[in-house]
Colleague: 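Dropping a structure here in structure tokens format, bear with me for questions.
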Amino acid sequence: MEKLINYVNHAKIELSKVIFPTKMQVRQAFFAVFVVVTVVSLFLALIDLIMSASLSALI
């Protein structure tokens, strides 16, 4: 039981050291991820379109 109490106390100490992001930081990260995912998706769609057109022209 003492180990469990010791574990909980250490967990509380470690959680007090955590710096949680602000709402603005979360929003900026969201938009950055959204833009990157959109750009990569468009790039892959373009590559797929080119490859499909190339294969259709050959066959």
Colleague: Show every donor-acceptor pair shorter than 3.5 Å between a side-chain atom in residues 12-19 and any protein atom, with sequence neighbours excluded, or say none if there are none.
Modeller:
{"unit_1": "Glu14", "atom_1": "OE2", "unit_2": "Lys17", "atom_2": "NZ", "d": "3.4"}
{"unit_1": "Ser16", "atom_1": "OG", "unit_2": "Ile13", "atom_2": "O", "d": "2.6"}

Colleague: Looking at Lys23, Gln25, Met24, which one forms a side chain to side chain contact (heavy atoms under 4.5 Å, CB included) with Pro21?
Modeller: Gln25
Colleague: Show every donor-acceptor pair shorter than 3.5 Å between a side-chain atom in residues 43-59 and any protein atom, with sequence neighbours excluded, or say none if there are none.
Modeller:
{"unit_1": "Ser52", "atom_1": "OG", "unit_2": "Asp48", "atom_2": "O", "d": "2.9"}
{"unit_1": "Ser54", "atom_1": "OG", "unit_2": "Ile50", "atom_2": "O", "d": "2.9"}
{"unit_1": "Ser56", "atom_1": "OG", "unit_2": "Ser52", "atom_2": "O", "d": "2.9"}

Colleague: Sequence neighbours left out, what passes side chain to side chain contact (heavy atoms under 4.5 Å, CB included) with Val33? Give chain and number order.
Modeller: Val37
Colleague: Considering only Ile, Leu, Val, Met, Phe, Trp and Tyr, and joining two whenever side-chain heavy atoms are under 4.5 Å apart, list the other residues clustered with Phe34.
Modeller: none
